[in-house]
Protein chains: 2
Amino acid sequence: MSGGAGGGKRDRYVQPSVLMALLEGSSYGYELIQKLSDFGFMRGDAPPGMVYRHLRQMEEEGMVSSQWDAEGTGPARRNYTITDQGRETLEAWIVFMERQAEAMLAFVERYRNFSAKD
Amino acid sequence: MSGGAGGGKRDRYVQPSVLMALLEGSSYGYELIQKLSDFGFMRGDAPPGMVYRHLRQMEEEGMVSSQWDAEGTGPARRNYTITDQGRETLEAWIVFMERQAEAMLAFVERYRNFSAKD
DNA sequence: AACACATATATCCTTTAAGCACATACGTCA
DNA sequence: TGACGTATGTGCTTAAAGGATATATGTGTT
């Protein structure tokens with residue numbers, strides 16, 4: 001896709017998606033990678049490095065907190081929980097997304113209207 | 001902005017906005033800067049450097065073509081026209097935006113539904 | 001025991017994009 | 001002449017994403 005629209009690279013909304021997934025229940029990186037694809041913002045799985053990077057940064061900023069979970073089988077997991085500040089950030093994302101979605105739909109309509117009168 | 005949603009930095013959709021503005025009629029950088037704010041993707045004017053950078057890059061990629069216009073008063077303008085390839089790219093952006101808007105609205109609804117059942 | 005495999009986390013390096021300040025130049029009007 | 005509005009650009013720095021790779025644990029297989 002030469003100069004391809006959206007490109008599927010930006011606008012993947014990893015941060016709000018992680019916050020939403022954690023709002024619905026605490027989780028950990030590896031599991032989140034799979035859950036993120038359900039939000040429809042990316043094709044295929046999110047690159048692991050990106051998810052872990054976001055999680056660590058979000059913890060630094062106080063949106064999530066984590067603790068090691070060595071229960072069960074396999075390697076230990078770092079289990080993440082959303083914080084009150086994370087909930088506030090998610091709320092702000094919701095407001096932003098509503099505004100953004102509205103702008104996009106208006107944009108699309110403007111295009112259709114223009115194309116129609118050719 | 002500490003973890004601020006959207007941040008207002010990314011997702012400004014300069015490229016599709018420029019293409020749309022040019023679809024409706026040829027224009028030039030300085031004028032486009034003002035028109036871009038109408039699309040609702042940014043607060044205030046787009047930074048000039050960004051717009052000119054996009055225009056030159058889009059010309060390299062064949063989405064727009066330009067010619068100097070020294071008519072009228074003031075400094076000469078580089079007047080841009082959308083090309084067929086630009087129209088194709090815009091069409092791809094439209095498809096992308098519809099999908100993206102849908103995903104965002106679903107995201108918002110998912111949030112509201114979850115919050116409602118607390 | 002050796003090996004492959006799924007799970008799980010993390011770091012490194014490079015490229016890409018944005019932010020922001022600044023430089024240049026023309027014409028008008030006080 | 002000097003400030004201001006118009007108009008186009010460049011340069012430097014930071015922020016984010018991409019993608020490859022490293023590490024480690026437990027399970028199942030031969």
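These figures come from a predicted structure and were not determined experimentally. Reminder, nothing fancy here: chain letters follow the sequence lines and each chain counts from 1.
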Mind running side-chain contact (heavy atoms from CB on, under 4.5 Å) on A:Glu61 and A:Thr89 for me, showing each step along the way?
CA-CA 11 Å; A:Glu61 292 169 7; A:Thr89 303; over 6 Å; no

Any protein N or O atoms within reach of nucleotides 1-3 of chain C? Criterion: under 3.5 Å, listing atom names and distances.
none

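If A:Gly49 and A:Gly72 are placed on DNA chain D by their nearest nucleotide, the residue sitting closer to the 5' end is A:Gly49.
In this entry the distance linking CD of A:Glu60 with P of C:dA10 reads 12 Å, nearest Å. If you take CE of A:Met42 and C1' of D:dG18, they are 13 Å apart, rounded to a whole angstrom. Whole-Å rounding puts the A:Asp45 CG to D:dG18 P distance at 13 Å. Straight-line distance from the CE atom of A:Met50 to the P atom of C:dT14: 20 Å, rounded to whole Å. One atom, CG of A:Asp69, and another, C1' of D:dT25, lie 14 Å apart when rounded to the nearest Å. One interatomic measurement links the two molecules: CE of A:Met58 to P of D:dA16, which rounds to 13 Å at whole-angstrom precision. We find that CZ of A:Arg56 is positioned 14 Å from P of D:dA16, with the value rounded to whole Å.
With rounding to the nearest 0.5 Å, the separation of OG in A:Ser17 from CG in A:Leu36 is 5.5 Å.
Applying the side chain to side chain donor-acceptor pair (under 3.5 Å) criterion to B:Arg56, with sequence neighbours excluded, gives no partner residue. Remark: B:Glu31 engages B:Lys35 in a salt bridge (Lys or Arg N to Asp or Glu O under 4.0 Å) (not counting sequence neighbours). With sequence neighbours excluded, no residue forms a side chain to side chain donor-acceptor pair (under 3.5 Å) with A:Thr83.
The aromatic rings of B:Tyr13 and B:Trp93 sit perpendicular, their planes meeting at an angle over 60°, well past the 30° parallel limit.
Judged as a side chain to side chain donor-acceptor pair (under 3.5 Å), not a single pair has a partner in residues 44-54 of chain A (not counting sequence neighbours).
Phosphate proximity of C:dA17 to B:His54: absent, as no side-chain N or O sits under 4.0 Å from OP1 or OP2. Proximity of A:Arg12 to the phosphate of D:dA16: no side-chain N or O atom is located under 4.0 Å from OP1 or OP2.
Counting distance only, with no hydrogens placed and no angle test, the side-chain atoms of A:Arg53 and the base atoms of D:dG18 include a donor-acceptor pair under 3.5 Å.
Put simply, the side chain of B:Leu22 does not reach to within 4.5 Å of the side chain of B:Met63, judged on heavy atoms.
Judged purely by atom type and a 3.5 angstrom limit, B:Ser115 has no side-chain atom pairing as donor or acceptor with the backbone of B:Arg112.
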Per-nt protein contacts along nucleotides 2-8 of chain D (heavy atom under 4.0 Å; B base, S backbone sugar-phosphate only, - none) come out as ----BBB

